[in-house]
Amino acid sequence: MFFVDQLILISALLTLAGILSSNLSPRIGVPVLVLFLAVGLLAGEDGPGNIAFDNASAAHTMGTFALALILFDGGLQTSLRSIKAVWKPASVLATYGVVGTAVITGAIASLILPLSIVEGLLLGAIVGSTDAAAVFSVLRNAGIQINQRLRSTLEIESASNDPMAIFLTISLLTYIQNPEVSGWQMVGLFISQMGVGAAVGLLIGWVVNRALAKLKLMTAGLYPVFVAMCGLLSFGLAANLNGSGFLAIFITGVMIGNKPFTYQRNTFLFMDGLAWLAQISMFVVLGLLVNPSELMSVWWQSLLIAAVLVVIARPLAVAPVVALFGFNRRETALISWVGLRGSVPIILAIFPLLYGLDHAEIIFDVVFFVVLLSATVQGTSLPFAARRLKLIEETSSGVASATEIANIGEVNADIVEFELFEHSPSVGKLIQQLGLPDDTVVAMINRDSVPLVAKGTSVLKAGDKVFVIVSSANADKVETILSGEQR
């Protein structure tokens, strides 16, 4: 038997175990990343799987590739409307918030662990970014909805704060290896990382949008692959030009996702599945890289640092900032508590191993422990915190559920299903009274599982599922007419 045969078998088994474990997340209220890590730990050297894996370089390569896909998928699903509404508080949180959290955590960590102040700051920088994707996974599973401004702020912050954490980590590693590096060189590195990353992201996004508007590929299955490769092109080009590939691929995703194109919904579904596969693979591999027996040697130090991060560093860093942008005390408290750590800190913790730092093993074990504690404690307590702070909003029963059934590539139109509720403005009206766009056709009405031919004189009722042929450009307008809201 060839090694590749064994590798395929093990990879399939671990990935399937990760997928099936995700079903436990809604039941026990724990973020899925914790379950994926658990699969890796159980399969590892200290677990029943007894798989020996200590290749930090391979883990870093896989983690970088996976994180790029996850950020690209996040960018595709981030609306420009949300960015425009909250870009000021989100951008300050993504920069100053990360720096403040890193400095406070790092300074205290250097007192708890046998680390120099610079190594302590390095640890603080590694755990400085947040993972709101895990947060909202928990909120959705618990059936909790917070207000749109608060939600958008947390989402945009988490999507944009990774480049800052990566920059701080690389800068501190560079300083540790070469203390003679000047502050101006660090400033130049920052400008290069952010400036080149943003420029490449905007350029590739613009080029791809132009291409998608004119391109006619041979089969529908090539459109998602084309978009995915363009995202990776953005990352690779920016990284090779000394810019932030993570910032570039996120910006490219935002630009592509906010411009209608042929087979757009199919592309989103493909990227969502690819991002899930990347996330499962990444966390399982990172779980394999850790030996639980080594974690126990720093358990109490990790517990103290996690407490400092959650209770002291994040609140002190973000509370003064968000107060300037009109968030009340309850919203500020939730933003301070929503500092859930995820994939980026564990991937960044591999950097000291690659650089061969003296205390690299300690830093990695502590970061892994802190992420695990943060995800478990904060993840499970978020629904309770949101309820106690009275920030939960009732989900409107009038929101339509729009699901793509098919995509008609030649005319750039979708067949979309809208479910009507009691408060939907279209309920009780004739179809001809709705004022739908000229290029929109109501194809069928599903009422009590009975298909009805849609006519201009058909009266819509609550509970109806209305199938509409609509162009991508008019999808939001049709949803507003039928349901009264845009999602």
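As a basis for the values below, the full set of heavy atoms in this structure was taken, side chains included, without hydrogen atoms, waters or symmetry mates.
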Any donor-acceptor pair under 3.5 Å from T219 side chain to L222 backbone: no

Heavy-atom donor-acceptor pair, Q264 side chain to K259 backbone, under 3.5 Å: yes

Euclidean distance, S129 OG relative to I166 CD1, rounded to 0.5 Å: 7.5 Å

Any donor-acceptor pair under 3.5 Å from T95 side chain to S91 backbone: yes

Point-to-point distance, once rounded to the nearest 0.5 Å, from CG of L215 to CG of L217: 4.0 Å

Backbone N/O of G253 and side chain of D73: donor-acceptor pair under 3.5 Å: no

V416 side chain reached by F467 side chain, heavy atoms, under 4.5 Å: no

Closest contact, heavy atoms only, A238 versus G197: CB-CA, 4.3 Å

V254 vs I83, side-chain contact (heavy atoms from CB on, under 4.5 Å): CA-CA, chis, key distance, verdict: CA-CA 10 Å; V254 172; I83 294 177; 3.8 Å; yes

Min side-chain heavy-atom separation L373-V310 under 4.5 Å: no

Between CZ on residue F418 and CD on residue E479, distance to nearest 0.5 Å: 5.5 Å

Sub-4.5 Å side-chain heavy-atom contact between L233 and M229: no

Side chain proximity check, T480 to K477, heavy atoms < 4.5 angstrom: no

Close side-chain approach of L460 and V427, heavy atoms under 4.5 Å: no

Point-to-point distance, once rounded to the nearest 0.5 Å, from CE of M282 to OG1 of T64: 10.0 Å

L232/F72 under side-chain contact (heavy atoms from CB on, under 4.5 Å): CA gap, chis, key distance, verdict: CA-CA 8 Å; L232 293 176; F72 186 54; over 6 Å; no

Side chain proximity check, V478 to L436, heavy atoms < 4.5 angstrom: yes

L482 to L420 - nearest heavy-atom pair and separation: O-CD2, 3.9 Å

Short side-chain to backbone donor-acceptor contact, N266 and Y263, under 3.5 Å: no

Residues, nucleotides or ligands: over 12 heavy atoms within 6.0 Å of F65 CZ: no

T153 (side chain) donor-acceptor with R149 (main chain) under 3.5 angstrom: yes

CA sep, side-chain torsions, deciding dist, call: Q432, T457, side-chain contact (heavy atoms from CB on, under 4.5 Å): CA-CA 7 Å; Q432 63 190 19; T457 55; 4.2 Å; yes

Exercise: identify the closest heavy-atom pair between I249 and S234: N-OG, 3.8 Å

Residues F325, V92; criterion side-chain contact (heavy atoms from CB on, under 4.5 Å); working and verdict: CA-CA 10 Å; F325 294 99; V92 175; 4.0 Å; yes

Nearest non-hydrogen partners of L154 and R314, listed with the distance: CD2-NH2, 4.4 Å

Short side-chain to backbone donor-acceptor contact, S281 and A278, under 3.5 Å: no

More than 12 heavy atoms from other groups under 6.0 Å of CZ on R330: yes

Distance-only donor-acceptor check, side chains S79 and N258, under 3.5 Å: no

Expected output: side-chain T252 to main-chain G201 donor-acceptor under 3.5 Å: yes

Closest contact, heavy atoms only, D162 versus T130: OD1-O, 4.2 Å

Whether over 12 other heavy atoms sit under 6.0 Å from M444 CE: yes

Closest non-hydrogen atom pair, P315 against P320: O-CD, 4.0 Å

Main-chain N/O of V98 paired to T101 side chain as donor or acceptor, under 3.5 Å: no

pair L150-L334: side-chain heavy atoms closer than 4.5 Å: yes

Close side-chain approach of F261 and V227, heavy atoms under 4.5 Å: yes

Value rounded to 0.5 Å, distance of NE2 in H60 from CG in L67: 10.0 Å

Aromatic plane relationship, F246 with F235 - under 30° parallel, 30 to 60° tilted, over 60° perpendicular: perpendicular

Heavy-atom donor-acceptor pair, E331 side chain to N328 backbone, under 3.5 Å: yes

Spacing of CG belonging to L76 relative to CZ belonging to F250, to within rounding of 0.5 Å: 10.0 Å

